[in-house]
2 protein chains.
Amino acid sequence: MQGVEATRETGAGSGLTERQGAVLEQALRLLVDGGERALTTAGVARAANCSKESLYKWFGDRDGLLSAMIAFQASKVRTLDVSAEALDAAGLRAHLVAFAKDLLDVLSGEVSLALNRLAIGQASREGSKLGRLLQERGRRPIARRAGALLEAGRKAGLLAFDDAEEAYGALYGLVVADWHLRMLLGEDASAIKKDFSRRAERAVDAFLALHGGKG
Amino acid sequence: MQGVEATRETGAGSGLTERQGAVLEQALRLLVDGGERALTTAGVARAANCSKESLYKWFGDRDGLLSAMIAFQASKVRTLDVSAEALDAAGLRAHLVAFAKDLLDVLSGEVSLALNRLAIGQASREGSKLGRLLQERGRRPIARRAGALLEAGRKAGLLAFDDAEEAYGALYGLVVADWHLRMLLGEDASAIKKDFSRRAERAVDAFLALHGGKG
DNA sequence: GCCCCTCAGTACCGTACGGTACGGTTCGTG
DNA sequence: CACGAACCGTACCGTACGGTACTGAGGGGC
């Protein structure tokens with residue numbers, strides 16, 4: 001069976017075989033459950049039923065494994081772009097609320113939290129390579145999606161702002177506030193999660209009060 | 001000289017001698033410079049010219065040292081409460097801008113960033129003890145100061161909000177947005193810091209547009 | 001002048017981890 | 001059937017770190 005797997009690649013065209021993807025899945029599981037201390041090469045090998053030698057052949061070294069984990073997880077999260085046609089006020093609000101909910105869901109996900117903790121913990125090592133990777137593959141796609149939505153709103157005369165970057169910052173801040181940091185620090189997120197819908201709507205309403213066109 | 005130091009306590013009444021404070025200072029220096037990996041007990045002992053045995057006598061174990069570092073740093077940051085008398089619109093705005101600037105300065109400080117990285121990295125260990133400590137000694141005093149200011153503004157009829165916690169969340173989000181996370185991930189903060197003043201003012205203006213009384 | 005306490009410096013121990021090497025097994029291929 | 005590639009499982013090595021024990025020196029208290 002191994003020979004077959006070894007050449008069949010994973011869908012995302014990331015150059016990973018299914019076997020390697022499964023190994024990364026197990027590694028993410030270990031990271032989520034036990035933090036970075038639990039993410040040892042021997043542990044990954046044991047959990048994934050593979051040998052350490054294969055790990056080093058596939059990913060180079062431990063840092064390569066960490067990078068591959070981030071890239072792999074990012075490849076699974078698809079940020080669907082919104083078709084910006086026929087946008088009225090209610091539609092814009094609905095899209096913004098959906099974005100806000102998605103944002104909160106992603107940021108509060110256990111894998112996202114674990115990877116952010118990992119990258120933050122390594123930020124003072126080797127030029128924060130993991131941090132930059134996480135920004136590229138995690139934050140940027142989200143910001144792009146929001147930016148497109150905001151631009152569409154402005155084009156439709158529904159939003160007013162000078163700097164799109166700044167407007168996105170306001171939206172992000174109103175939605176997330178300090179919840180992300182609190183969750184990263186270990187605060188229990190379950191009590192927070194059930195309030196995401198209301199929170200997203202209030203934040204979007206506040207954002208529209210600030211930047212709503214002709215409002 | 002040692003005997004003298006050993007009984008003279010540090011000003012904050014934290015039960016620490018000056019010598020122990022100096023050791024914690026060196027430990028913070030090591031943490032800032034090299035991250036958690038550089039914060040070894042042997043390294044601290046060498047940098048502070050003390051013995052490992054003293055470290056363990058004073059702080060129990062490595063986790064005790066980390067906790068002491070957080071408490072020590074927090075004891076140095078004094079959050080001055082604002083006298084809420086004679087508050088007019090301009091005064092409120094000035095106070096809010098000052099708060100926003102202080103908040104950005106604190107969060108972007110290298111010691112703060114290093115301690116946050118440390119606590120976040122340990123969040124999945126032993127019930128995120130460091131995370132809770134950082135929240136108690138770091139976030140809470142700041143939130144208290146802001147909360148008092150907001151309440152004073154409401155009493156003076158200058159602010160309107162239902163939930164003080166939510167209003168504080170909006171203020172925090174507008175001021176900080178995702179800059180804190182980006183700095184934690186290792187993004188260079190120097191380019192950001194020079195813009196703090198403008199950033200604080202724009203955020204406060206937005207906040208006042210949302211919650212400014214009769215406005 | 002003597003005792004005792006504190007502390008620096010160092011040597012030491014156990015362990016855990018990153019990385020490597022090797023034997024054995026399962027496949028596909030000619 | 002023979003060969004080779006990929007790979008699992010494990011044993012192994014060097015190192016680094018947390019924590020402990022010991023030695024010796026510098027003062028205070030009486």
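Every value quoted in this text rests on a predicted model; they were computed, and no experiment measured them. Just so it is clear: chains get the letters A, B, ... in the order the sequence lines come, proteins before strands, and each one is counted from 1.
Note: OH (Tyr56(A)) to P (dG19(C)) measures 4 Å, nearest angstrom. In this structure, CG of Leu66(B) is placed 15 Å from P of dC17(D), rounded to the nearest angstrom. Rounded to a whole Å, the NZ atom of Lys52(B) is 10 Å from the C1' atom of dT10(C). Whole-Å rounding puts the Phe59(A) CZ to dT20(C) P distance at 16 Å. When rounded to the nearest whole Å, the span between CG of Leu55(A) and P of dC17(C) equals 15 Å. If you measure from atom CZ of Arg125(B) to atom P of dA16(C), you get 12 Å, rounded to the nearest angstrom. Rounded to an integer number of Å, the gap from Arg62(B) CZ to dA16(D) P is 16 Å. When rounded to the nearest whole Å, the span between CG of Asp61(B) and C1' of dG19(D) equals 9 Å.
The backbone N or O of Gln73(B) sits nowhere less than 3.5 Å from a side-chain atom of Arg137(B) that would complete a donor-acceptor pair. At distances below 3.5 Å, not a single donor-acceptor pair connects side-chain atoms of Arg139(B) with backbone N or O atoms of Leu134(B).
Residues satisfying the ring pair (Phe, Tyr, Trp, His ring centres under 6.0 Å) test with His180(B), not counting sequence neighbours, are none. Residues satisfying the salt bridge (charged side-chain N to carboxylate O under 4.0 Å, His left out) test with Asp61(B), not counting sequence neighbours, are none.
Atom CG of Asp163(A) has more than 12 neighbouring heavy atoms from other residues, nucleotides or ligands inside a 6.0 Å radius.
Close to dT6(C), at under 4.0 Å from its OP1 or OP2, lies no side-chain N or O of Trp58(B). Ser54(A) has a side-chain polar atom (N or O) that falls below the 4.0 Å cut-off from OP1 or OP2 of dC8(D).
Judged by distance alone, with hydrogens and angles left aside, Glu53(A) brings no side-chain donor or acceptor close enough to the base of dC7(D) to form a pair under 3.5 Å.
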- Query: Could you walk me through whether Leu171(B) and Leu103(B) pass the side-chain contact (heavy atoms from CB on, under 4.5 Å) check?
  - Reply: CA-CA 11 Å; Leu171(B) 176 61; Leu103(B) 179 59; over 6 Å; no
- Walk me through it: do Lys193(B) and Met183(B) pass the test side-chain contact (heavy atoms from CB on, under 4.5 Å)? CA-CA 11 Å; Lys193(B) 283 193 173 184; Met183(B) 291 187 293; 5.8 Å; no
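Within residues 36-50 of chain B, the residues approaching DNA chain C are Asn49(B), Cys50(B), by heavy-atom distance under 4.0 Å.
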